[in-house]
A.B. asks: 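Here's a structure for you.
Keep in mind that this is a model prediction, so the values were computed, not measured.
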Amino acid sequence: MKRSLLSVAVMAATSMPVMAEDIPYYFTVGAAHTDNEVSVDHFGDHMKHSYTNELSLGYMLKDDVALEGSFVIPSIIQDDSRADIEQFRFSSFYFLSDEALKPYLTAGIGFEDMNTDGGNASNARASLGAGVQYDSSDRVFARAEIRYDDMINEYPEHTNYVLEVGYRFGAANSGYAAAAAAGATVASAADSSASNNMADDAQLTAEDVQNLPATAAGIPAKSAFTDSDNDGVADSIDKCENTGKVAMVDSNGCDLIKTVEALLRFPLNKAGMPGKATAYLDQVAAQAKADPEMKIIVKGHADETGSDEFNQFISLERAKTVGGYLTARGVSKDAIVLEALSDTQPIADNTTDEGRQLNRRVELSIQ
C-alpha cells in the first residue's frame with residue numbers, strides 16, 4: 001500500500017501539463033474586419049467595412065476562465081472613407097476544453113467612439129462572441145474569433161472577425177514546489193492512513209495527496225530530536241543513513257526518488273516540459289550531481305493517434321526534453337539514458353480521450 005501511495009504522490013507532483021493558470025498573465029495582439037452594414041440607418045448613408053487593431057492584457061483566474069482588457073484602434077491600413085472605431089473593452093472568457101485546440105465563449109462591456117463622414121456615435125457597448133484558441137506551446141497561442149458588438153442606447157452594431165496571437169508571461173506558480181513537497185511527504189501519510197483503516201489505495205486521490213500535512217523531509221531537523229543526516233527524519237526511526245537534505249525521503253528516511261517511478265504527462269502532439277515536473281526534476285538533478293553512480297532512465301511514450309513515424313519522433317522528443325532539462329541543471333549526459341518507445345507500451349485505453357492522455361507520457365526511473 002505504501003508504495004502505491006508514494007506513486008500517487010509523485011504523479012501528483014509531475015504528471016500534469018502546464019495549465020493556463022500556472023502562467024496566469026498574457027497579452028494578445030490582433031486585427032479585425034468589422035462589418036458595419038447594420039449601422040447604416042444611424043448615419044444615413046452606406047458604410048464601408050472597417051479594419052481595426054487590438055491589444056489585450058489578460059489574466060487566467062482558473063484554467064478555463066480568463067479576464068481580459070482590450071484596446072481597439074483603427075488599423076493603419078484603413079483609408080479615410082471607412083468608419084474609424086476606437087474602443088476599450090473588459091471581457092470574460094470561458095474555455096470549453098483543456099486540449100491544445102480549445103473553443104471558447106466570451107462576453108464583455110466597454111466604451112466605443114465611432115466616427116464617419118456621416119456623423120459620430122459614442123456610448124457604452126456590450127459584446128458577445130465565440131472562438132477557438134490553439135496553444136502551439138506552453139506560452140504561445142493563436143485565436144480566431146467572431147464577436148458581436150452592440151452600442152447601448154445607440155444604433156451602431158458590428159460583427160467582428162478577429163485573428164490574434166498571444167503570449168503568456170511571468171513565472172510559473174509556486175504550487176509546483178508544493179506538489180513536489182506532497183510527493184516527498186506522503187509516506188508518513190500512508191502510516192496515518194493505515195491507522196484510519198483505509199480499505200484501498202484508490203481512496204487517496206491526487207487532490208488528497210496535495211492536502212496532506214507536511215513532514216520535515218528536506219528541511220533541517222527541529223531541535224526536539226536528533227537528525228544526523230539532516231533529511232528531516234529522526235535518527236531513532238531513520239533506516240537509511242546519509243540521505244542528506246537534498247533527498248526526497250519517506251517516513252523511514254529512505255530515498256523516494258530511487259524507489260518510485262515518476263510519470264510526466266504531455267498534451268497532444270506536444271513535447272514541451274510539463275511545468276509541474278520541474279520541482280521533482282530539480283530534486284533528481286541535485287541527487288545525480290551528488291551521486292556519480294546514479295543512472296536516470298528516461299522513457300518517452302505516445303498515444304496511438306499519430307503515424308508510426310510521428311509517434312516514434314514525438315516519444316523521442318519528449319524523452320529529449322526531460323533529458324535536456326536535467327543536463328541543463330548539471331547532470332552528466334553519461335548518467336542519462338533516453339528511450340523512445342512510441343505507442344508500443346500503452347498503460348490505458350487508446351480509444352478514449354482520457355486513456356490517450358495517460359499514454360502521452362515520459363517514465364522516469366532511477367538506478
Side-chain angles (χ1 to χ4, degrees), residues 19-44 47-78 82-98 101-135 141-170:
M19 296 294 184
E21 81 254 23
D22 295 331
I23 310 176
Y25 300 99
Y26 67 89
F27 69 85
T28 67
V29 292
H33 174 103
T34 301
D35 184 347
N36 294 318
E37 292 297 334
V38 292
S39 301
V40 170
D41 291 344
H42 181 85
F43 291 99
M47 293 180 61
K48 294 183 178 180
H49 301 310
S50 298
Y51 301 104
T52 58
N53 293 126
E54 299 196 8
L55 174 64
S56 303
L57 181 65
Y59 179 78
M60 300 300 303
L61 292 176
K62 300 191 300 181
D63 193 54
D64 58 357
V65 178
L67 296 178
E68 190 173 293
S70 304
F71 292 95
V72 178
I73 60 173
S75 172
I76 59 174
I77 67 172
Q78 177 165 279
R82 300 181 185 274
D84 288 338
I85 297 173
E86 297 180 347
Q87 184 184 111
F88 172 76
R89 186 176 67 256
F90 186 73
S91 306
S92 61
F93 288 75
Y94 179 67
F95 295 93
L96 304 175
S97 170
D98 59 0
L101 188 66
K102 47 176 69 71
Y104 64 85
L105 302 174
T106 180
I109 57 174
F111 186 86
E112 179 179 304
D113 182 77
M114 182 177 182
N115 289 282
T116 74
D117 292 339
N120 169 270
S122 298
N123 213 310
R125 174 166 296 286
S127 302
L128 289 174
V132 63
Q133 175 174 303
Y134 177 71
D135 296 338
F141 59 92
R143 288 179 184 167
E145 178 179 304
I146 299 176
R147 188 180 70 247
Y148 178 75
D149 292 343
D150 183 10
M151 189 176 286
I152 301 172
N153 297 327
E154 297 284 354
Y155 195 90
E157 303 167 0
H158 321 292
T159 303
N160 304 274
Y161 305 92
V162 188
L163 294 176
E164 296 178 301
V165 293
Y167 182 78
R168 299 185 183 94
F169 62 92

A.B. asks: Report the residues that fulfil side chain to side chain contact (heavy atoms under 4.5 Å, CB included) with Leu57, sequence neighbours left out, ordered by chain and then residue number.
C.D. replies: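 Residues passing side chain to side chain contact (heavy atoms under 4.5 Å, CB included) with Leu57: Phe27, Phe169.
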
A.B. asks: What residue among Phe95, Tyr134, Phe93, Tyr26 forms ring-ring contact (aromatic ring centres under 6.0 Å, His included) with Phe141?
C.D. replies: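 Only one of Phe95, Tyr134, Phe93, Tyr26 forms a ring-ring contact (aromatic ring centres under 6.0 Å, His included) with Phe141, namely Tyr26.
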
A.B. asks: Under the salt bridge (charged side-chain N to carboxylate O under 4.0 Å, His left out) definition, can you give me all pairs with a residue in residues 103-114, not counting sequence neighbours?
C.D. replies: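 For residues 103-114: Glu112-Arg125.
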
A.B. asks: Applying ring pair (Phe, Tyr, Trp, His ring centres under 6.0 Å), name anything that partners Phe88, two or more places apart in sequence or on another chain.
C.D. replies: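 Phe88: ring pair (Phe, Tyr, Trp, His ring centres under 6.0 Å) contacts with Phe71.
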
A.B. asks: Are the charged groups of Asp63 and Lys102 less than 4.0 angstrom apart, N to O?
C.D. replies: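 Salt bridge between Asp63 and Lys102, a charged N being under 4.0 Å from a carboxylate O: no.
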
A.B. asks: What are the two closest heavy atoms between Ala32 and Val162, and how far apart are they?
C.D. replies: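 Closest approach of Ala32 to Val162, heavy atoms only: CB-CG2, 3.8 Å.
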
A.B. asks: In Å and rounded to the nearest 0.5 Å, what is the CD to CD1 distance from Gln87 to Ile73?
C.D. replies: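 Interatomic distance, Gln87 CD to Ile73 CD1, rounded to 0.5 Å: 12.5 Å.
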
A.B. asks: Taking side-chain hydrogen bond (donor to acceptor under 3.5 Å, both in side chains) as the definition, give me every residue that meets it alongside Ser127, ordered by chain and number, with sequence neighbours left out.
C.D. replies: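 Ser127 satisfies side-chain hydrogen bond (donor to acceptor under 3.5 Å, both in side chains) with Asp149 once adjacent residues are dropped.
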
A.B. asks: Using 0.5 Å steps for rounding, measure from the CD atom of Glu86 to the OG atom of Ser122.
C.D. replies: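 These two atoms lie 9.0 Å from each other.
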
A.B. asks: Which residues pass the side-chain hydrogen bond (donor to acceptor under 3.5 Å, both in side chains) test with Glu145, not counting sequence neighbours?
C.D. replies: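 Tyr104, Arg147.
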
A.B. asks: Which residues pass the side-chain hydrogen bond (donor to acceptor under 3.5 Å, both in side chains) test with Gln78, sequence neighbours left out?
C.D. replies: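 Here the qualifying residues are Asp84.
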
A.B. asks: Using every non-hydrogen atom in the two residues, find where Asn53 and Ala31 come nearest and quote the distance to one decimal.
C.D. replies: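 Smallest interatomic distance, heavy atoms only, reads ND2-CB, 3.8 Å.
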
A.B. asks: Between Leu67 and Ser92, is there a side-chain heavy-atom distance shorter than 4.5 Å?
C.D. replies: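 Answer yes - side chains close enough.
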
A.B. asks: When rounded to the nearest 0.5 angstrom, what distance separates CZ in Arg89 from CD in Glu54?
C.D. replies: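 Going from CZ on Arg89 over to CD on Glu54, the span is 4.5 Å.
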
A.B. asks: Can you tell me if CD1 on Ile109 sees more than 12 non-hydrogen neighbours from other groups inside 6.0 Å?
C.D. replies: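 Check fails, neighbour count at 12 or below.
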
A.B. asks: Residues in side-chain hydrogen bond (donor to acceptor under 3.5 Å, both in side chains) with Tyr51, at least two apart?
C.D. replies: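 Residues passing side-chain hydrogen bond (donor to acceptor under 3.5 Å, both in side chains) with Tyr51: none at all.
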
A.B. asks: With sequence neighbours excluded, what pairs up with Tyr94 under the ring pair (Phe, Tyr, Trp, His ring centres under 6.0 Å) test?
C.D. replies: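 With neighbours one apart ignored, the set is empty.
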
A.B. asks: Using the side chain to side chain contact (heavy atoms under 4.5 Å, CB included) criterion, which residues pair with Ile146? Sequence neighbours excluded.
C.D. replies: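 With sequence neighbours excluded, Ile146 shows a side chain to side chain contact (heavy atoms under 4.5 Å, CB included) to Thr159, Tyr161, given in chain and number order.
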
A.B. asks: To the closest 0.5 Å, what do you measure between CD1 (Ile85) and CG (Asn115)?
C.D. replies: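 Here the rounded value is 10.0 Å.
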
A.B. asks: Can Asp98 and Asp64 be said to form a side-chain contact (heavy atoms from CB on, under 4.5 Å), step by step?
C.D. replies: CA-CA 7 Å; Asp98 59 0; Asp64 58 357; over 6 Å; no

A.B. asks: Look up atom CZ in Arg143 and atom OG1 in Thr106, then write down how far apart they are to the nearest 0.5 Å.
C.D. replies: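 Nearest 0.5 Å value for the CZ-OG1 distance: 8.0 Å.
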
A.B. asks: Under 4.5 Å between any side-chain heavy atoms of Pro74 and Ser50, yes or no?
C.D. replies: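 Side chain of Pro74 against side chain of Ser50, heavy atoms only: no contact under 4.5 Å found.
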
A.B. asks: Only counting residues at least two apart or in another chain, list the ones meeting salt bridge (Lys or Arg N to Asp or Glu O under 4.0 Å) with Arg82.
C.D. replies: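 For Arg82 the salt bridge (Lys or Arg N to Asp or Glu O under 4.0 Å) partners, ignoring immediate neighbours, are Asp79.
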
A.B. asks: Under the side chain to side chain contact (heavy atoms under 4.5 Å, CB included) rule, collect the residues that match up with Tyr59, sequence neighbours excluded.
C.D. replies: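 Side chain to side chain contact (heavy atoms under 4.5 Å, CB included) list for Tyr59, sorted by chain: Pro24, Tyr25, Leu61.
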
A.B. asks: Using 0.5 Å steps for rounding, measure from the CZ atom of Arg168 to the CE atom of Met60.
C.D. replies: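 Arg168 CZ to Met60 CE: 7.0 Å, rounded to 0.5 Å.
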
A.B. asks: Please name all residues satisfying side chain to side chain contact (heavy atoms under 4.5 Å, CB included) with Ser56, sequence neighbours left out, ordered by chain then number.
C.D. replies: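 Side chain to side chain contact (heavy atoms under 4.5 Å, CB included) list for Ser56, sorted by chain: Thr28, Glu68, Ser70, Glu164.
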
